[in-house]
Structures are given as C-alpha cells and as structure tokens.
Amino acid sequence: MTAEGPPQWPGAPATAAGNNAPEPLSGTAPDGEWLRVHPASPFVRGWVALAAIGFFLGRDVFERALQGRPVVEEDLAGRAPLLLVGGGAVLLASVLGFILTWYFTKYQVSGGYVRVNTGFLFRQQRQARLDRVQAIDIVQPLLARIFGLAELKFEVADAGESAVRLAYLKIDDARQLRATILARAAGVITGPDRPGEPAPEAPEYPVLSVPPSRLVGSLLLSEQSFFVVLGGIVSVVLSAITEHQGFYFYLIPAAVGLAASYWGLFNKGYNFSAAISPDGIRLRYGLLDTQAQTLPPGRIQALKITQPPLWRPLGWYRMQVNVAGYGIVENAGEGSARTTLLPVGRLGDVMAMLALVLPDPGTAHPAAVFGAGLTSLDSDGGFVTTPRSARWLAPLGWRRNGFTATDTALLLRSGRWWRQLVVVPHQRTQSMALHQGPLARRFGVADLVLHTTPGPVAPRLTQAGTAQALALFDEQSARARLARKRQTTEQWLRQVVPDAPAGEPGPTVEPAETRTPQQQEGGQHG
C-alpha cells in the first residue's frame with residue numbers, strides 16, 4: 001500500500017512528504033524459520049547483575065579507602081586463592097547463564113502468529129496473533145543504542161501487558177521484522193511470484209515535531225510547578241510569622257520529587273515527532289532511552305485533549321489515548337509516555353493528530369465542531385450542555401459540560417479551567433452505564449459513562465439532563481452496533497481494499513471534502 005500524504009481535514013495545512021521505502025534486507029530468513037536474538041542480548045539485559053557482582057566484590061576495598069585503612073588486608077595473600085576461585089565461579093556461572101538464555105531464546109513468524117520461546121530450566125512460549133496486534137514499539141535503552149541493538153514490543157488486544165518482547169535484535173533487523181508483522185497485521189499479502197518475501201518498510205510522511213524549548217516551557221508551567229511555588233510562598237509567610245525556619249525543610253522532598261519528575265518527562269518527551277505511514281501512526285521520542293511506536297490505524301480506543309490553565313495563554317494542549325494492551329505497564333513513567341499522542345502542541349498540531357486518529361471526522365465542518373469542543377461554551381458547535389436549572393451543581397462548568405456526536409465519533413466536553421475534550425469512535429464503545437445520585441436526581445441530571453480499554457482516558461459525560469442522557473444512551477448504542485457491523489475484519493487494510501498485495505499501489509488518502517459519503521463510510525482506517 002502506498003499513500004500520497006497524511007490524511008487531512010478540510011482546511012488543514014498540507015504536510016511534507018517523507019522519504020521513500022527502503023529496500024528489504026538481504027539474507028532475511030524464510031517464513032516459519034526459528035531465529036535467535038543477537039548474542040549480546042543477555043549481556044545488555046544483565047549488565048545490572050554484572051554491576052552487582054562488581055559492587056559486592058569491590059565494596060570492602062572502597063570502604064577501607066574511605067576509612068583511611070589499608071586497601072589490601074595483611075592476610076589477603078592467604079585468602080587470595082579462595083577469593084579468586086569463588087569470584088571466578090560466580091562470574092563463570094553468570095556468563096554461562098547468559099549464554100544458555102541466549103541459546104534457548106528463539107522467535108518465529110508463521111501461520112498468522114509471532115512466537116517467542118524462552119527459558120532453559122523453565123521453558124515458556126508466548127505468541128500473539130498478527131491480526132490482533134495493536135501496536136509495535138522499537139525500544140533502545142542507552143546501552144543497547146551503543147551496541148546498535150533494539151527491543152521489539154508487540155501489544156495485542158487481549159493482553160494486559162506486552163504479549164511478546166524480543167530483546168535484542170540489530171536495529172535494521174528490528175525495523176524489518178516490524179514492517180513484516182505490521183504488513184501482515186494490516187492484511188497485506190505477498191504476490192504469488194514472491195511467496196514469503198519480507199515486506200519493505202513503508203514510507204512515512206512527517207506530521208509534526210515538538211521543539212525542546214516548548215517541552216521545557218510546558219514542564220515549568222505544569223500543575224506540579226504551581227503547587228511547589230504555592231508551597232514556597234506559604235513556607236515564607238509561615239516562617240515570617242512564626243520566626244521558625246524549619247518550614248523550608250518541608251520543601252526539600254517536594255523539590256527533589258519535582259526535579260525527578262521533570263527529568264523523567266523531559267527524557268521521555270525529548271525529540272518527540274509524529275509521522276503517518278500506510279502501516280500506522282509513528283511516534284518517536286526519548287533522550288537517553290529512545291522509543292519508536294507504531295499504532296495501526298483504528299486501534300486507538302479513546303482520545304483525550306486537555307489544557308491546563310497555565311497553558312491557555314500560550315495555546316498549548318496535551319493529547320493522550322487508550323490503546324488495548326497499554327492499560328497495565330511496567331512503570332508509571334513508561335505508561336505515561338506510551339499513551340501520550342502529543343506531549344504539548346498548538347491547536348494546529350492537535351487538529352493534525354486528530355486527522356490521523358479519525359481520518360473521517362463524520363462532519364462537513366470538523367474544525368468548527370472540534371474547535372468548539374476545545375475552547376467554546378454553551379451550544380457552539382452543536383454541543384448539548386448541562387440544563388440551566390442544574391447550574392448550582394457546577395456553577396463554573398455547567399456551560400462547558402456537554403456532548404455532541406458526528407457520524408464517526410462521540411465528543412464529550414468538560415472543564416472550565418482545566419479544559420478537556422474526549423473523543424470516542426463509535427465502534428470502540430464497549431459498554432455504557434447511567435449514574436444518578438440523590439442530588440443529581442433532585443436537579444434532574446445524570447452522568448453517562450462509556451467503558452473502553454484501561455488507560456488515561458475515562459470517558460464520562462457529567463450532569464446531562466436526564467431525558468438527554470437517556471436519549472444519548474439509546475442513540476449511542478445504535479451507533480456503536482452499526483459501526484461494529486461495518487468493521488468486518490481485524491485486518492484494517494482489508495477494510496479499505498481487499499487482498500492488497502505487498503508493494504503494489506493501494507488507495508491514496510484524499511481530503512474528506514473530495515470523497516463521496518460511501519467512500520467516507522469505508523475510509524475510517526485509511
């Protein structure tokens with residue numbers, strides 16, 4: 001499949017074309033053959049164990065040097081053979097364990113699955129269906145980058161954690177394997193004259209990048225900074241009133257925690273860039289540990305756009321998504337980075353990313369509708385807001401709280417100070433629930449909760465009129481059923497063009513205003 005450029009909404013600025021597709025790697029193994037990871041993989045993964053052994057053996061020497069005692073004990077000569085034998089045995093066992101780990105780690109791509117075998121004492125095989133692949137990440141920790149290696153992470157729809165992890169491969173091999181798996185997951189088939197041939201890496205078209213200066217500014221104007229500054233002011237006032245200087249010490253843990261948080265966010269968000277290719281949305285970011293994500297079109301379950309108060313004068317926004325398989329991750333920092341579609345960007349950047357996630361916005365005026373969801377009040381853009389009779393429940397937010405629906409997605413708007421817009425594609429609505437407490441019943445309002453996969457986005461319509469919430473419940477159920485009927489296969493490319501051979505021209509992406517309604521119905525995942 002080829003594309004002439006990223007999908008754009010009517011009136012959106014054109015984006016630059018990217019580079020051409022590289023040639024497939026020579027010497028790639030045929031389909032179904034079991035392959036091993038790079039021989040250096042165990043050492044890259046196990047450097048912490050080697051460092052621990054070195055620390056254990058050298059700790060006594062280091063402590064003696066700090067205490068001013070002789071570095072070498074007098075009776076060391078008598079214990080030297082025992083120490084050498086013991087240290088050598090530990091080192092040999094570690095190296096042998098690394099070698100056995102590498103030897104028994106194999107992977108295979110065959111029969112619609114990617115499989116990984118690991119373990120020499122306790123054997124384990126993990127596999128993922130290619131047509132259930134939600135995203136593929138290429139991760140390069142600092143040490144792996146030095147050796148030119150990379151780790152592949154495969155996220156699938158029915159896994160709460162990474163279903164398959166391949167660590168480590170040569171960076172070129174990792175890219176080639178990712179391209180092959182994404183092509184098969186999308187439904188690309190190889191022509192009869194070249195069976196089993198690996199798919200070349202798809203071309204990409206740059207969409208946006210985040211300057212480091214903007215990233216730093218967003219961190220300094222974040223909510224954490226506001227509360228730390230507020231705490232500093234309170235400490236100064238209390239110190240002046242009570243003449244007790246101990247209040248300053250309470251700021252030390254907060255300052256240390258803030259610095260660590262800043263560094264983590266800067267390290268993860270540095271050099272952030274987004275591009276579109278026929279195999280999905282590509283995100284790259286990271287300072288020391290770099291990561292390249294590929295999200296196949298249509299795999300995003302829900303999207304949230306937020307704007308903190310301190311970002312409003314600069315017109316900045318943040319975008320986060322729910323993706324199946326990303327709900328449970330190894331640590332909070334990694335989870336935040338992997339579910340961030342845009343760490344900080346202007347309104348034009350937000351609209352460009354929305355066009356990637358939702359190529360067909362389902363309305364002839366997407367800029368007006370989605371812009372009203374981000375900045376407007378009352379019924380602008382067709383939004384239905386909280387009834388005026390219930391304004392006392394949310395005196396500041398009742399004019400912002402609201403909803404509207406296009407042909408392809410439900411939009412939920414909330415927040416007067418912390419603005420928020422949640423977008424849920426109709427086919428991704430898994431279930432819904434109506435909530436109404438005693439106070440809400442008294443004012444005739446109710447909340448509608450939409451259930452999607454776990455993640456940072458929690459779609460919830462707050463304080464809608466009871467009659468409006470009941471009507472939306474029925475209407476959204478019908479929209480979700482109809483949208484799921486249109487999606488007949490997990491292989492997103494076959495929803496656009498059946499049996500598209502690899503390397504042959506596929507459908508080009510056209511602006512929504514130039515397509516017919518029938519084309520728009522089938523072009524949600526282009």
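For this chain, numbers begin at 1 and follow the sequence in order.
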Output the distance between atom CD (Q420) and atom OG1 (T306), rounded to the nearest 0.5 Å.
7.0 Å
Main-chain N/O of V116 paired to R165 side chain as donor or acceptor, under 3.5 Å
no
Do any N or O atoms from the side chain of Q436 and from the backbone of V445 form a donor-acceptor pair under 3.5 angstrom?
yes
Please evaluate residues R428 and T452 with respect to the criterion side chain to side chain donor-acceptor pair (under 3.5 Å), reporting the C-alpha separation (whole Å), side-chain torsions for both, the decisive distance (0.1 Å), and the verdict.
CA-CA 7 Å; R428 300 305 172 189; T452 67; over 6 Å; no
Pairwise distance CE(M353) to CD1(I300) - rounded to 0.5 angstrom:
7.5 Å
If we ignore hydrogens and angles and just use 3.5 Å, is the side chain of N322 paired with the main-chain N or O of V457 as donor and acceptor?
yes
What I'd like to find out is whether the side chain of Y168 reaches to under 4.5 Å of the side chain of Q140, using heavy atoms alone.
no
Go through it in stages, so that I can follow the logic: the residues are W398 and R388, the test is side-chain contact (heavy atoms from CB on, under 4.5 Å), and I'd like the CA-CA distance, side-chain angles, deciding distance and then a yes or no.
CA-CA 8 Å; W398 71 276; R388 186 178 180 84; 3.6 Å; yes
Short question: side chain of D378, backbone of D380 - any donor-acceptor pair under 3.5 Å?
no
Does the side chain of L303 come within less than 4.5 Å of V422's, by heavy atoms?
no
Do the ring planes of W311 and W316 sit parallel (below 30°), tilted (30 to 60°) or perpendicular (above 60°)?
perpendicular
Flag side-chain contact, heavy atom, 4.5 Å: T385 against R399
no
Side-chain heavy atoms of Y317 within contact of L342, under 4.5 Å:
no
Would you say CZ of R441 has more than 12 non-hydrogen atoms from neighbouring residues, nucleotides or ligands within 6.0 angstrom?
yes
Are the side chain of H365 and the backbone of G381 linked by a donor-acceptor contact shorter than 3.5 Å?
no
When you measure from the side chain of D137 to the backbone of Q291, do you find a donor-acceptor pair of N or O atoms at a distance under 3.5 Å?
no
Heavy-atom check, side chain of F443 versus side chain of T386, under 4.5 Å
no
Among residues at least two apart in sequence or on other chains, which ones pass side-chain contact (heavy atoms from CB on, under 4.5 Å) with T462?
N401, D447, R460
Judged by atom type as modelled, is there a donor-acceptor pair below 3.5 Å linking the side chain of D474 to the main-chain atoms of A471?
no
Between R416 (side chain) and A394 (backbone), is there a donor-acceptor pair under 3.5 Å?
no
